[in-house]
**Q** 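This is the structure, below, for whatever I ask next.
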Amino acid sequence: MAEVAAPVEQLGLADAADAIALWQDNGLTRPWNAPQADFTRAVEGPASAVLGIRDGGALVGTVMVGHDGHRGWVYYLAVELGRHRQGLGARLMRAAEAWIVDHGGVKLQLMVRADNEAASGFYTAIGYEQQAVTVLGRRLAEG
Ligand SMILES: CC(C)(COP(=O)(O)OP(=O)(O)OC[C@H]1O[C@@H](n2cnc3c(N)ncnc32)[C@H](O)[C@@H]1OP(=O)(O)O)[C@@H](O)C(=O)NCCC(=O)NCCS
C-alpha cells in the first residue's frame, strides 16, 4: 500500500465514530471504559487532544495525548488493521511527543497492558524504555 502523505492532524468531535472503530478493531476498548466519553473529554479538554492521520479522507490512525501539569501521557494509539508496520504508529507518536513539548512537557509516559507484547516491541523500537515503577489504580466512579 502507498505511503500516507497526509500530516498528523488534531481530530474533532465529528471523528469520534471512526476513531472508536479503530480502537475497537485493535482491541483497545474494554467493557469498563466508555470510549465515546473518553474521546469527547480529550477533544474538549484544554490539556488534551486526539491526533489522527487520514488517507483520502479515511481515518487510519489515532493517538490520544494529554498533559497533567507534570508529565505528558498517551492513550489509544491505534493504526488501521492492514496498515501496521508502515511507519504510521511512529509518526503518530512523534506528533504526540511534539504536542507535549509544545504544551511545556519534558517527558512522555505511557502504560502498556501486560499481555500486549507487540506494543512493547513497537515502543522499544522507537526509543522508549521500561521504567522501574509500579502502576497503582483505584476506580473512583463509573465511566
Ligand atoms: C502498536 C501500533 C500502533 C504500531 O503501529 P505501526 O504503524 O504498526 O508501527 P510502525 O510501522 O510505525 O513501527 C515503528 C517501529 O516499530 C517496530 N514495530 C512495529 N510493530 C512491532 C511489533 N509488533 N514488534 C516489534 N516491533 C514492532 C517496527 O518494525 C518499526 O521499527 P523500525 O523503525 O526499526 O523499522 C500498531 O501495531 C497497533 O495499532 N497495534 C494495536 C493497538 C495497540 O496495541 N496500541 C498500543 C497500546 S499501548
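Both counts, for ligands and for their atoms, begin at 1 and track the order of listing.
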**Q** Tell me whether L11 shares a hydrophobic cluster with V65, the cluster being built from Ile, Leu, Val, Met, Phe, Trp, Tyr side chains joined at under 4.5 Å.
**A** no

**Q** Is any N or O atom of G89, backbone or side chain, closer than 3.5 Å to an N or O atom of ligand 1?
**A** yes

**Q** Quick one: look up the protein heavy atom nearest atom 44 (O) of ligand 1 and list residue, atom name and how far away it is.
**A** N116 ND2, 2.8 Å

**Q** Please report whether ligand 1 has a polar contact with R91, defined as an N or O pair separated by less than 3.5 Å (distance criterion only).
**A** no

**Q** Evaluating non-hydrogen atoms only, which member of A119, A125, G121 is closest to atom 31 (O) of ligand 1?
**A** A125

**Q** With backbone taken as N, CA, C and O and side chain as the heavy atoms from C-beta onward, which portion of L28 lies under 4.0 Å from ligand 1: side chain, backbone, both, or neither?
**A**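 Answer for L28: side chain.
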
**Q** For the residue pair N26 and H84, confirm or rule out a side-chain donor-acceptor distance under 3.5 Å.
**A**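 Yes, a side-chain donor-acceptor pair sits under 3.5 Å.
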
**Q** Would you mind checking which non-hydrogen protein atom is closest to atom 21 (C) of ligand 1, with the distance to 0.1 Å?
**A** R85 NH2, 3.2 Å

**Q** Please tabulate, for side-chain N and O atoms in residues 43-52, each donor-acceptor pair with protein atoms closer than 3.5 Å (sequence neighbours left out).
**A**
unit_1 : atom_1 : unit_2 : atom_2 : d
S48    : OG     : A42    : O      : 2.8

**Q** So if I count the atoms of ligand 1 from 1 in the order they appear, which ones are less than 4.0 Å from some heavy atom of A90?
**A**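 Every atom of ligand 1 under 4.0 Å from some heavy atom of A90: 12 (O).
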
**Q** Which of the atoms of ligand 1 are close to G87, meaning less than 4.0 Å from one of its heavy atoms?
**A**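 Answer for ligand 1: 10 (P), 11 (O), 12 (O).
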
**Q** How are the rings of F39 and W23 set to each other: parallel, tilted or perpendicular (split at 30° and 60°)?
**A** tilted

**Q** Looking only at distance, does L77 have an N or O less than 3.5 Å from an N or O of ligand 1?
**A** yes

**Q** Kindly say whether G82 contributes a backbone atom to a donor-acceptor pair with the side chain of R85 at under 3.5 angstrom?
**A** no

**Q** Tell me whether D68 is salt-bridged to R71, with the criterion being a basic N under 4.0 Å from an acidic carboxylate O.
**A**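 Looking at D68 and R71, the cut-off is not met.
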
**Q** When you measure from atom 41 (C) of ligand 1 to every protein heavy atom, which one gives the shortest distance, and what is it?
**A** N26 OD1, 3.2 Å

**Q** Examine the proximity of ligand 1 to L92 and report which part, side chain or backbone, both or neither, has a heavy atom under 4.0 Å away.
**A** neither

**Q** Over all heavy atoms of both residues, which pair between V60 and D55 is shortest? Give the atoms and the distance, please.
**A** CG1-CB, 3.9 Å

**Q** With only distance considered, is H84 within less than 3.5 Å of ligand 1 through an N or O on each side?
**A**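 Yes - when backbone and side-chain N and O of H84 are compared with those of ligand 1, one distance drops under 3.5 Å.
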
**Q** Minimum heavy-atom separation for R94 to I126, with atom names?
**A**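 Scanning both residues, the minimum pair turns out to be NH2-O, 2.9 Å.
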
**Q** Please check: side-chain N/O of Q131 versus main-chain N/O of E129, any donor-acceptor pairing under 3.5 Å?
**A** yes

**Q** Grab the two heavy atoms, one from I53 and one from A6, that are nearest each other, plus how far apart they are.
**A**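 Reported closest heavy-atom pair: CG2-O, 4.1 Å.
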
**Q** Can you confirm whether something in the protein, heavy atoms only, sits under 4.0 Å from atom 35 (O) of ligand 1?
**A**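 Answer no: nothing from the protein, no heavy atom, is under 4.0 Å.
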
**Q** Nearest protein heavy atom to atom 4 (C) of ligand 1, by residue and atom, and its distance?
**A** F122 CD1, 3.5 Å

**Q** Y123: heavy atom below 4.0 Å from ligand 1, yes or no?
**A** yes

**Q** Out of all atoms in ligand 1, which are within 4.0 Å of some heavy atom of A118? Include the element for each.
**A**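 Under 4.0 Å from A118, ligand 1 has these atoms: 22 (C), 23 (N), 24 (N).
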
**Q** Would you say ligand 1 has an N or O under 3.5 Å from any N or O of V79?
**A**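 By distance alone, the answer is yes.
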
**Q** Quick check: V112 and ligand 1, any N/O pair under 3.5 Å apart?
**A**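 In fact, backbone or side chain, V112 has no N or O that close.
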
**Q** Looking only at heavy atoms, what is the nearest atom pair of V4 and R54, with distance?
**A** CG1-O, 3.4 Å

**Q** Please walk me through it: do L77 and Y123 pass side chain to side chain contact (heavy atoms under 4.5 Å, CB included)?
**A** CA-CA 11 Å; L77 174 70; Y123 287 120; 3.4 Å; yes

**Q** Using a 4.0 Å cut-off to any heavy atom of A78, which atoms of ligand 1 qualify?
**A** 39 (O)

**Q** Could you tell me whether Q86 approaches ligand 1 through its side chain, its backbone, both or neither, with non-hydrogen atoms closer than 4.0 Å?
**A** backbone

